[in-house]
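Data first, discussion second: the structure below is written as structure tokens.
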Amino acid sequence: MIDYEGLPAPKEYYDDIGTVITPETWFKISGIEYTPARMPRRTPPALAKAAEEAFRTKRKDARKNDMQRLEKGTWIWVARASGEAAAAQAVAIAMSSLSEAAYTDAGELTASFASEKPLSAHTGSQLIDSLCSSPTLVVAGVGDSHLPEEADALLELMEKRWRQGRATIFASAYTGKTISRALVRSGANTERAKELVDLVSKAIRSGRQS
């Protein structure tokens, strides 16, 4: 069954020609630039303003590259000198997504996970469950929660997103080489921190090779 909502012509038009094209294809063949520029849901207002400025100053070819990477389910690690700067850049990348994007930060995610201790393997954090299927997700402040459960909370969410092939953008003041130490300093189990870093590294490498 075809969902005609959002297509550039009424249903009767497609009935006559016997085909349907997506909005992206319509813009391409008509010569109109297609730039989604949709703010991920749950993005804090102050961060949204900084992200909009970062998106505005991006070259069109950079936006297109972001869009293509996200459509493939790529995982991206954005490291900057501050967590705030990294988050603004990560949200700016997510704004190029053709699909719905969402935002969370590691502190919020970990607090939710810690306060809703899973009672069994079939239950978990409501916040984590609500973010699992978002086509594109920004996770900001990775390594900054200072909570020992951060590695476990991220692992629960990321294992599900990896299996589903969902695009994920991490924002952090730490690099891939220093994040593990930051998590362990906060009290995370060393093996769990390594497991998380290994999963993220594998997903990022997979995206670069696709």
Side-chain angles (χ1 to χ4, degrees), residues 40-44 47 51 69-70 72-80 82-91 93-94 97 100-208:
R41 61 184 175 87
R42 306 182 76 256
T43 302
L47 176 58
R69 295 169 74 191
L70 296 175
K72 293 178 181 178
T74 300
W75 286 24
I76 303 168
W77 189 277
V78 179
R80 295 291 186 272
S82 71
E84 292 79 8
Q89 290 299 320
V91 172
I93 292 172
S97 176
E100 183 189 52
Y103 170 94
T104 189
D105 69 72
E108 174 189 39
L109 198 67
T110 305
S112 172
F113 176 84
S115 66
E116 301 176 27
K117 292 289 186 182
L119 300 177
S120 72
H122 304 292
T123 63
S125 162
Q126 292 183 4
L127 177 59
I128 287 177
D129 289 344
S130 72
L131 296 173
C132 282
S133 59
S134 179
T136 296
L137 176 66
V138 175
V139 183
V142 180
D144 286 335
S145 75
H146 306 299
L147 295 171
E149 298 91 351
E150 183 174 343
D152 290 328
L154 288 170
L155 260 175
E156 179 171 323
L157 176 58
M158 295 311 147
E159 285 175 342
K160 295 175 181 178
R161 292 188 62 79
W162 171 246
R163 288 195 296 269
Q164 296 175 14
R166 305 295 187 182
T168 307
I169 311 166
F170 303 90
S172 179
Y174 301 96
T175 66
K177 294 182 179 180
T178 60
I179 184 60
S180 182
R181 291 195 295 273
L183 292 170
V184 172
R185 280 198 302 270
S186 296
N189 176 276
T190 302
E191 289 302 314
R192 292 290 281 173
K194 182 179 184 302
E195 190 177 344
L196 173 64
V197 172
D198 286 348
L199 173 61
V200 174
S201 298
K202 177 175 68 173
I204 291 174
R205 286 196 304 270
S206 175
R208 288 172 179 168

Heavy-atom pair of closest approach, residues Ala173 and Gly83: CB-N, 3.9 Å
Exam field: side chain Thr110 to backbone Gly107, donor-acceptor pair closer than 3.5 Å: no
Check: Ser130 side chain, Leu127 main-chain N or O, donor-acceptor pair, under 3.5 Å: yes
Contact check, side chains of Ser133 and Arg166, non-hydrogen atoms, under 4.5 Å: yes
Sidechain-backbone polar pair: Arg41 side chain, Ala102 backbone, donor-acceptor under 3.5 Å: no
Lys160 side chain near Asp129 side chain, heavy-atom distance below 4.5 Å: yes
Qualifying residue for side chain to side chain contact (heavy atoms under 4.5 Å, CB included) with Val200, from Val197, Leu196, Asp198: Leu196
Donor-acceptor contact below 3.5 Å, side chain Glu150 vs main chain Gly143: yes
Check against side chain to side chain contact (heavy atoms under 4.5 Å, CB included), Leu70 and Ile169: CA-CA 9 Å; Leu70 296 175; Ile169 311 166; 3.9 Å; yes
Check: Thr175 main-chain N/O paired with Thr178 side-chain donor or acceptor under 3.5 Å: yes
From CZ (Arg42) to CG (Leu47), nearest 0.5 Å: 12.5 Å
From CG (Leu109) to CD (Glu156), nearest 0.5 Å: 8.5 Å
Atom pair OG/CZ of Ser97 and Arg69 - distance to nearest 0.5 Å: 13.0 Å
Heavy-atom closest contact (Ser134 atom, Thr136 atom, distance): OG-O, 2.9 Å
Nearest non-hydrogen partners of Ala193 and Ser180, listed with the distance: CB-OG, 4.0 Å
Cationic N near anionic O, under 4.0 Å, Arg192 to Glu195: yes
Min side-chain heavy-atom separation Leu137-Leu157 under 4.5 Å: yes
Backbone of Cys132 reached by a side-chain donor or acceptor of Arg161 within 3.5 Å: yes
For Ala153 against Ile128, the heavy-atom pair lying closest together: O-CD1, 3.7 Å
Side-chain touch Leu147/Phe113, heavy atoms, less than 4.5 angstrom: no
Approximate separation, where rounding is to 0.5 Å, of Leu183 CG and Glu149 CD: 12.0 Å
Side chain Trp77, main chain Tyr174, donor-acceptor under 3.5 Å: yes
